4 protein chains.
Amino acid sequence: MARPLSEDKQFALLAAAAELVALQGVGAPTSQIARQAGVAEGTLFRYFATKDDLLNQLYLHLKSELCTALTAENLAAYSLKERAHAVWNLYIDWGLAHPLAAKALSQLHVSDKVLPETRAKAHAMFPDVSEIVGNVFAGLSQQQSTAFSEMLLGTLAETTLSFAASNPAQSQSYKAAGFAFLWRGLAHD
Amino acid sequence: MARPLSEDKQFALLAAAAELVALQGVGAPTSQIARQAGVAEGTLFRYFATKDDLLNQLYLHLKSELCTALTAENLAAYSLKERAHAVWNLYIDWGLAHPLAAKALSQLHVSDKVLPETRAKAHAMFPDVSEIVGNVFAGLSQQQSTAFSEMLLGTLAETTLSFAASNPAQSQSYKAAGFAFLWRGLAHD
Amino acid sequence: MARPLSEDKQFALLAAAAELVALQGVGAPTSQIARQAGVAEGTLFRYFATKDDLLNQLYLHLKSELCTALTAENLAAYSLKERAHAVWNLYIDWGLAHPLAAKALSQLHVSDKVLPETRAKAHAMFPDVSEIVGNVFAGLSQQQSTAFSEMLLGTLAETTLSFAASNPAQSQSYKAAGFAFLWRGLAHD
Amino acid sequence: MARPLSEDKQFALLAAAAELVALQGVGAPTSQIARQAGVAEGTLFRYFATKDDLLNQLYLHLKSELCTALTAENLAAYSLKERAHAVWNLYIDWGLAHPLAAKALSQLHVSDKVLPETRAKAHAMFPDVSEIVGNVFAGLSQQQSTAFSEMLLGTLAETTLSFAASNPAQSQSYKAAGFAFLWRGLAHD
DNA sequence: CATGAATGAGGATTCATTCAT
DNA sequence: TATGAATGAATCCTCATTCAT
C-alpha cells in the first residue's frame, strides 16, 4: 500500500474548518480551509467527498470532543444536582477553553447543511440526561418533555457560554447564574 | 418633499427578503429576492445600498413588527406575572402566525451580517423588561444581569416557538411549558 | 426596459462556440468561447443556461443554417434525380464554404450532450426526403427504410465533405463521386 | 528478457478503457478505468505513459480485434461479391457480438486524441480491399478512389451496425440492406 | 513493480453590483 | 427612477499525473 490517508491531515482539515467556520460561518471557502490546513485544495476532497460532507463530519467531530469533555469525570457518587452542576461547569469550561470550537458548533447548529441523520448520530453520542432534566411538562409526553428540556438546556448553555466568553472577568458568575436559572427552570427541589 | 422611492416596493422587497431568508438563509440571492418582490434586479439596490444593508434593515423591520405585536394590549392593570405571561403568549402567537418572519429572524439572529449597531437599535425599540426579568444574579451588575436575563428570555422563546411550530397539536402545551420554565428560572415568588 | 438581450451577442457566442467546438470538440471551455465571442464569461450564462444548453442550441442553429442553404433554390421544375443532385451539391458546397460549421456539426452529431429531443427538432426542420431516398429495403418497414436511408445519406455526405475539404483541388470530383455512389446505392433507375 | 509488466493487467486496462470509453466517451476518467481494471490509479501510468497513449493503444487494440474477426475465414475460393458479402457480415456480426468494443471504436474514430500515425498503423493492419472497392471514380486517382471508397465502406458499416444494434429484431435486415446499398454504390456489375 | 495519496491547474456555474438605456 | 444586461471574481469540484512508501 502506498501512503495511507493521513490522520494528521484529516485532523488538520477538521481543525482548519472549525476555525474558519467559527470566524466566517459555513460559507467559509474550501480553498481557505485547505490552505489553513496546509494541504492542496484537491486534497480536501480526498478526505471529504463534498463540502457538505466536511461540515457534517466537523459537526460530529466537535460534538464528540464536547462529549468527551463532559464525561471526563466519574460522578456516580454525587447527588443529582451535584452531577448536573458538574456537567454544566464542564460544558462552559470546555467552551471557554475552546472558543473557536464552541463558536463553530453554534454555527453548525443553525445550518441546514448539517443533516438530520448527523444530528441524530451526534445526539446518540451523549449519555442519557432524562434523569437530570426530570419533570414532565403538562400536556406533553415523556418523550416530548425530555426533548424539549434537552433543547432548552442546550440553548441555555450556549447563551451562557457566549456571555461568559465575552466577559472573561465575569465568566464564573455567568456560569453560576446560568446553572441557577436552569435548575430552577427544571423545577427540581 | 415626499420620499421619492415607492414605499410599496421597499415593503415588497422586505417581505420577499423575509420569505427567502427564512427558507434559504442569508445566502438567498438578491436576484431571487427582487423577482419575488416583483421588481427588477437592479431596483433592489436603489432601495438598499448593499445586500448587507438589506439584511440589516430586514432585521429592524421584523423586530419592529414583533415589537408592535407585543405591545398591542394595554396590560397596566394586571399583575407582574400576568403581564409577563401575556407578553410571552403574544410572542409565541406572533411566531405561530408569521412562521416565515420568525424563521427569518432566527436566521438573522445568528448571522454576522447583522451589525452590532443594528442589534442595539432593535433592542432600543423594545420596552423595558427589567421589571419582568427581575432578580440580580450573584456576582453580576444590575445591567449585566438584565442583559443576560433578556437574552435567556429571547432564546427560550425562540426554542419554544420552534417546538410549538413543529408540533401544531401540542403548540399550546409548549407555550405553557416554556413560560413555566422561564418564570421559575427567573426565581419570581 | 434596460438594454435588451443582444442578438449580436447571442450570435457571436454561437459563432465562437461553433469555431471552438470544431477545433477542440465539445470539451471546449466556456471561458474560451466567451473570450472568443468578446464577452465576459458570466455573460455566456445569461444567453445559455448551461453549457449543454449552448451545445444543443448550437446544434439547432447550425442545422438550421444548413437547412436554409439546402432550400435556397426552387427545384420544383426538375426531375427527381436533378433535384437530389442539386441538394447534394448545395450540401457539399455549404460545407466547403463553412468548414468550421460543418466540422462543429459532425462533432455534435456524435456527442451525447445533444439530446434526442434536440435531434428530433432538427430533423423536423428538414423537408421530407422520403421521395428521394425512395426504395424500401427488404425486411424493413417503410419508416425504418426511410430513417435508415436518410442516415446513410447523411453519413455519406459528411464523409464526402471531409474528403472534399481536405483536397480542395479534387473537391468537385469527390462531390460527384459521392453523389454517384449514393444514387446507385439507392437503386434509382 | 521477458516483458516485466503483466500482460494481464495491460489487457484488463484496455478492456476497462473500451467499456468506459464506449459508455462515457474519451472523457472517461483514468481513475475509473483503473478501478474497473482492478488496478491502482497510478498503475495505469506504468502501462501507458499518458491517457492519450492509452487511447491510441486502445484504438489499435480494437482495430486489431476487428481485423482478426474479419480474416477468420478463408474465402479464397469464393467470388468477389461473395467474399465482400462475407466480410461485411463478419463486420456487422462482430459489432453485434461486441457492442461495447464497436461503440468505443466509433468514439475513438471521431476523437482528435487518436493521432494520424495511429490511424495509419491501424489501416495497415487490414488486408488490401482495393479489389473489393473496385472502380475508380472519375477525376480521382486510383489511390484517392480507393481511400475514399474504403472510408465510405467504413462509415456505411458503422451506420448499419448502429441501426442493427438498436433494433435487434431487424438486425439481419439492416445487415442485408446495408450490403445491398454498398454493393450497388460501388457499381459492381 | 504496485500502490494510492497528493497535487493544483482548470472547469462550469453563481452572484452582488454597476451602468447604459 | 426603473430596468435588466453585463461583469468577473469567487466557489465547489474534477482529474491527469507524480512520487513517497
Side-chain angles (χ1 to χ4, degrees), chain A residues 1-10 27-35 37-55, chain B residues 3-6 9 27-35 38-55, chain C residues 1-10 27-35 37-55, chain D residues 3-6 9 27-35 38-55:
Chain A
M1 190 176 57
R3 232 169 322 171
L5 265 181
S6 141
E7 286 192 12
D8 282 4
K9 272 177 190 143
Q10 170 143 5
T30 51
S31 58
Q32 274 189 53
I33 294 171
R35 189 174 340 128
V39 303
E41 191 169 0
T43 300
L44 186 153
F45 292 95
R46 292 192 71 78
Y47 288 83
F48 305 97
T50 63
K51 186 186 179 182
D52 282 11
D53 183 36
L54 167 61
L55 292 175
Chain B
R3 196 171 312 188
L5 277 68
S6 143
K9 276 179 188 150
T30 52
S31 57
Q32 272 188 54
I33 294 171
R35 187 174 344 127
V39 304
E41 251 177 281
T43 302
L44 186 153
F45 292 93
R46 300 194 62 78
Y47 289 83
F48 305 96
T50 64
K51 186 185 181 182
D52 282 10
D53 183 36
L54 166 61
L55 292 175
Chain C
M1 189 176 56
R3 231 168 321 170
L5 263 182
S6 141
E7 286 192 13
D8 282 3
K9 272 177 189 140
Q10 171 144 3
T30 51
S31 57
Q32 274 188 55
I33 295 172
R35 188 171 345 125
V39 302
E41 191 169 0
T43 301
L44 186 152
F45 292 95
R46 291 192 71 78
Y47 288 83
F48 306 96
T50 63
K51 186 185 180 183
D52 282 11
D53 183 36
L54 167 61
L55 292 174
Chain D
R3 196 172 312 188
L5 278 66
S6 144
K9 276 177 188 153
T30 51
S31 56
Q32 272 188 55
I33 294 172
R35 188 175 341 129
V39 304
E41 251 178 278
T43 301
L44 186 152
F45 292 93
R46 301 194 62 79
Y47 289 83
F48 306 96
T50 64
K51 186 184 181 182
D52 282 10
D53 183 35
L54 167 61
L55 292 175

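Here is how names work: the chains are called A, B, and so on, in the same order as the sequence lines, proteins then strands, and each is numbered from 1. Everything numeric in this text was worked out from a predicted model, so none of it was measured.
Map A:Gly38 and B:Ala49 each onto its nearest nucleotide of DNA chain E; the residue landing nearer the 5' end is A:Gly38. Nearest-nucleotide positions on DNA chain E place C:Asp52 closer to the 5' end than the other of C:Asp52 and B:Gly42. Remark on DNA chain F: of its neighbouring residues B:Leu44 and C:Ser6, the 5'-side contact belongs to B:Leu44, judged by nearest-heavy-atom nucleotide.
Side chain of B:Lys51 to backbone of B:Pro29: no donor-acceptor contact under 3.5 angstrom is found. No side-chain donor-acceptor contact under 3.5 Å links A:Lys9 to the backbone of A:Tyr47.
One interatomic measurement links the two molecules: CG of A:Asp8 to P of E:dA6, which rounds to 10 Å at whole-angstrom precision. Atoms CZ (A:Arg46) and C1' (E:dA6) sit 7 Å apart, rounded to a whole Å. Taking atom CZ of residue A:Arg35 and atom P of nucleotide F:dC12, one finds them 12 Å apart after rounding to whole Å. Across the protein-nucleic acid pair, A:Gln32 atom CD and F:dT11 atom P stand 7 Å apart, rounded to whole Å. For B:Ile33 and F:dT3, the CD1 to C1' distance is 18 Å, given to the nearest whole Å.
Between D:Ser31 and the phosphate of F:dC15, there is no side-chain N or O to OP1/OP2 separation shorter than 4.0 Å. Residue B:Lys51 has no polar side-chain atom (N or O) positioned under 4.0 Å from OP1 or OP2 of E:dT17. Within the structure, a side-chain polar atom (N or O) of C:Lys9 is placed less than 4.0 Å from OP1 or OP2 of F:dA6. Under 4.0 angstrom from either OP1 or OP2 of E:dA5 there lies no side-chain N or O belonging to A:Tyr47.
For DNA chain F, each stem of at least three Watson-Crick or G-U pairs (distances under 3.5 Å) is given as range with range: E:2-21 with F:2-21.
In this structure, the nucleotide among E:dG11, E:dG4, E:dT13 sitting nearest to the side chain of C:Thr30 is E:dT13. Side chain of B:Phe45, nearest nucleotide from E:dT3, F:dT7, E:dA16: E:dA16. Across E:dG8, F:dC13, E:dT13, the shortest atom-to-atom separation from the side chain of A:Ala40 is found for E:dG8. Proximity note for B:Thr50 (side chain, C-beta onward) versus E:dT13, E:dT17, E:dA6: the nearest is E:dT17.
No engagement by A:Phe48 is indicated, since no non-hydrogen atom pair under 4.0 Å with the nucleic acid exists.
Taken to the nearest 0.5 Å, the CG atom of C:Leu44 stands 10.5 Å off from the CD atom of C:Gln10.
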Criterion side chain to side chain contact (heavy atoms under 4.5 Å, CB included) on C:Thr50 and C:Leu55, from CA distance to verdict: CA-CA 9 Å; C:Thr50 63; C:Leu55 292 174; over 6 Å; no
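Residues D:Ala40 and D:Ala34 share a closest heavy-atom pair of O-CB, 3.7 Å.
Residues forming a side chain to side chain donor-acceptor pair (under 3.5 Å) with D:Thr43 (at least two apart in sequence, or on another chain): none. By the side chain to side chain donor-acceptor pair (under 3.5 Å) test, A:Glu41 pairs with A:Thr30, sequence neighbours left out.
If you check distances only, the side chain of A:Glu41 does reach the base of F:dC13 with a donor-acceptor pair under 3.5 Å.
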